[in-house]
Amino acid sequence: MVITMGLVIISCEQDNSFVEEISPEVESEALTDRSQWQTIFFDHFNNLYNWEKTNRADYNSATCKYKPWRASTVGIGNNNKALRLKAQKLGYDNFQSGHIKSFRKFKPNNNEELSFKAKIKLQARNSSGGIVPFHNTYGAWPAFWTVEENGWPTKGEIDIMEAYTFANPNKDKYACNMFYGTAPFRNNLSGTVQNYTYRINPTGWNTYEMRWRHKNGYREVSIYINEHLVRRYNNGNTSGLQLQNFTPHNIILNLNVGDSKTRIFDNSKVNLFSHTEMLVDWV
């Protein structure tokens with residue numbers, strides 16, 4: 001992930017039907033001059049020294065256990081490396097996968113804007129090692145997000161990318177989302193899921209970006225997919241949201257399998273082929 005900082009001189013639920021149309025003119029105005037940014041964190045995954053490898057079950061899926069050895073670095077050509085989170089079935093309703101969490105936390109100060117960006121590819125492999133399109137899997141649930149987990153969601157959660165597969169190239173879904181509540185384990189927000197599947201290259205690399213801005217008390221989170229603005233969140237357009245109460249967030253990359261709470265998937269149908277993997281070139 002690349003995290004860049006700019007001085008402002010001038011961030012799970014099922015998908016819903018809400019789609020915000022953003023005109024090219026508004027999209028152009030939202031872009032910040034890149035020459036004003038400075039990099040404060042960058043990782044191209046030669047190693048995982050900046051990350052905690054999680055060892056626990058997923059919050060949303062009792063069938064998926066995160067193990068440290070499921071997060072590793074692998075070569076991707078031209079002497080480049082990438083993070084690989086590997087999900088695999090070990091037995092009936094028994095899956096292992098990878099989850100990493102940044103040691104550092106991030107939040108914009110007044111008159112700052114932070115950009116959280118990652119280049120990600122999703123795919124599966126068959127028993128002979130051949131690549132299977134990610135959308136042919138069923139029950140895979142990768143994500144790129146930021147959160148303060150202590151007291152969730154009172155200090156906020158920003159889902160930059162969540163993907164869901166249903167063994168059909170026309171039914172996979174990619175979305176962003178937002179969570180906040182005034183009491184632990186109680187989300188006050190609704191209607192925050194933004195489906196942006198139409199912006200995704202399903203068999204290649206995609207870039208996902210979240211910009212978190214604070215200017216003289218005004219706070220806003222914007223989501224960009226492959227350089228296109230797809231959703232803005234602020235206290236004015238999102239009922240119940242209080243961005244001023246968001247604390248510094250860790251960055252999380254994970255590949256969940258199945259679910260036990262929201263019933264997005266039928267866990268009896270989960271299919272990862274030999275294994276499914278989430279590759280992250282940089283963040």
Side-chain angles (χ1 to χ4, degrees), residues 11-18 52-67 70-71 85-101 122 134-135 137-168 171-197 208 223 231 233 238-241 246 249-272 276 278:
S11 351
C12 284
E13 298 175 349
Q14 285 180 289
D15 187 23
N16 60 20
S17 59
F18 178 85
E52 173 190 351
K53 297 181 183 181
T54 307
N55 188 3
R56 68 171 189 231
D58 187 88
Y59 295 141
N60 294 306
S61 177
T63 67
C64 182
K65 307 296 190 300
Y66 294 124
K67 298 298 181 182
R70 295 293 180 177
L85 303 178
K86 182 178 178 180
Q88 199 162 19
K89 182 175 182 177
L90 302 184
Y92 177 74
D93 237 16
N94 181 12
F95 301 91
Q96 285 186 358
S97 190
H99 177 297
I100 63 172
K101 174 180 176 178
L122 304 166
F134 177 68
H135 52 233
T137 67
Y138 182 97
W141 185 355
F144 164 39
W145 49 301
T146 72
V147 70
E148 168 51 66
E149 294 179 291
N150 183 37
W152 181 92
T154 61
K155 299 165 186 175
E157 174 182 329
I158 304 169
D159 298 338
I160 306 165
M161 181 275 283
E162 289 190 303
Y164 316 89
T165 56
F166 300 95
N168 186 317
K171 292 188 176 181
D172 58 320
K173 295 182 180 179
Y174 293 78
C176 57
N177 201 359
M178 179 82 75
F179 290 90
Y180 172 72
T182 55
F185 308 111
R186 182 175 297 177
N187 175 44
N188 290 354
L189 308 184
S190 62
T192 54
V193 177
Q194 177 69 61
N195 183 352
Y196 53 71
T197 308
Y208 304 87
I223 306 296
R231 182 71 186 261
Y233 299 95
T238 307
S239 178
L241 181 60
F246 281 38
H249 281 190
N250 298 100
I251 304 157
I252 295 181
L253 295 152
N254 69 287
L255 175 51
N256 187 21
V257 181
D259 77 297
S260 306
K261 292 184 178 180
T262 54
R263 304 301 178 187
I264 297 172
F265 305 112
D266 177 350
N267 285 355
S268 68
K269 297 180 180 179
V270 172
N271 179 16
L272 304 178
T276 295
M278 176 177 179

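Side-chain atoms are counted along with the backbone in the values below, which use heavy atoms only and exclude waters and symmetry mates. Worth saying up front: this structure is predicted, and the values here are computed from it rather than measured.
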Could you grab the distance from atom CZ of R231 to atom CD1 of I223, nearest 0.5 Å is fine?
9.5 Å
As a quick check of understanding, evaluate side-chain contact (heavy atoms from CB on, under 4.5 Å) for Q194 and Y233, giving each step before the final call.
CA-CA 11 Å; Q194 177 69 61; Y233 299 95; 4.3 Å; yes
Looking only at heavy atoms, which two atoms of S239 and L189 are closest? And how far apart?
O-CD2, 3.3 Å
Given 3.5 Å as the limit, does a donor-acceptor pair link the side chain of D259 with the main chain of F265, or not?
yes
OG1 (T276) and CG (L255) are apart, to the nearest 0.5 Å, by 7.0 Å
Can you see which heavy atom on A57 is nearest to which on K65, and at what distance?
CB-CD, 3.8 Å
As an exercise, state the distance from CG of N256 to CE of M278, rounded to the nearest 0.5 Å.
11.5 Å
Can M178 and L241 be said to form a side-chain contact (heavy atoms from CB on, under 4.5 Å), step by step?
CA-CA 9 Å; M178 179 82 75; L241 181 60; 4.1 Å; yes
For K269, the side chain to side chain contact (heavy atoms under 4.5 Å, CB included) test, sequence neighbours excluded, returns Y138, D266
Does T154 have any side chain to side chain contact (heavy atoms under 4.5 Å, CB included) partners at least two apart in sequence or in another chain, and if so, which?
P184
Take Q88 and R70 through the side-chain contact (heavy atoms from CB on, under 4.5 Å) test and state the conclusion after the steps.
CA-CA 9 Å; Q88 199 162 19; R70 295 293 180 177; 2.8 Å; yes
Would you tell me whether W152 and E157 have side-chain atoms, one donor and one acceptor, within less than 3.5 Å of each other?
yes
Rounded to the nearest 0.5 angstrom, the CH2-SG distance for W141 and C64 is 10.5 Å
Looking only at heavy atoms, which two atoms of F185 and P153 are closest? And how far apart?
N-CD, 3.5 Å
Y164 to I264 - nearest heavy-atom pair and separation
CE2-CD1, 3.7 Å
Distance, nearest 0.5 Å, that separates CG of N60 from CZ of R263
11.5 Å
Closest contact, heavy atoms only, C176 versus I160:
CB-O, 3.7 Å
Contacts of type side-chain hydrogen bond (donor to acceptor under 3.5 Å, both in side chains), residue T197, not counting sequence neighbours:
N195
Looking at T165, is its backbone amide N or carbonyl O close enough to the side chain of T137 to form a donor-acceptor pair, meaning the two atoms are under 3.5 Å apart?
no
Roughly how far, to the nearest 0.5 Å, is CG of D159 from CZ of F144?
11.0 Å
Would a distance-only check, ignoring hydrogens and angles, find a side-chain to backbone donor-acceptor pair under 3.5 Å from T146 to H249?
no
Shortest non-hydrogen pair, S61 vs G258, comes out as CB-O, 3.3 Å
Donor-acceptor contact below 3.5 Å, side chain T63 vs main chain D93
no
Residues forming a ring-ring contact (aromatic ring centres under 6.0 Å, His included) with Y180, sequence neighbours excluded:
F246
With sequence neighbours excluded, residues passing side chain to side chain contact (heavy atoms under 4.5 Å, CB included) with E149:
R56, Y59, K101, V147, I252
Side-chain touch N254/T54, heavy atoms, less than 4.5 angstrom
no
Please determine whether side-chain contact (heavy atoms from CB on, under 4.5 Å) holds for the pair F95 and V270, giving the CA-CA distance in whole Å, both sets of side-chain angles, and the decisive distance to 0.1 Å.
CA-CA 10 Å; F95 301 91; V270 172; 3.4 Å; yes
Sequence-distant partners of K155, side chain to side chain contact (heavy atoms under 4.5 Å, CB included), two or more places apart:
E148, N150, T247
Could you work out, with ring-ring contact (aromatic ring centres under 6.0 Å, His included) as the rule, every residue matching H99, not counting sequence neighbours?
Y66
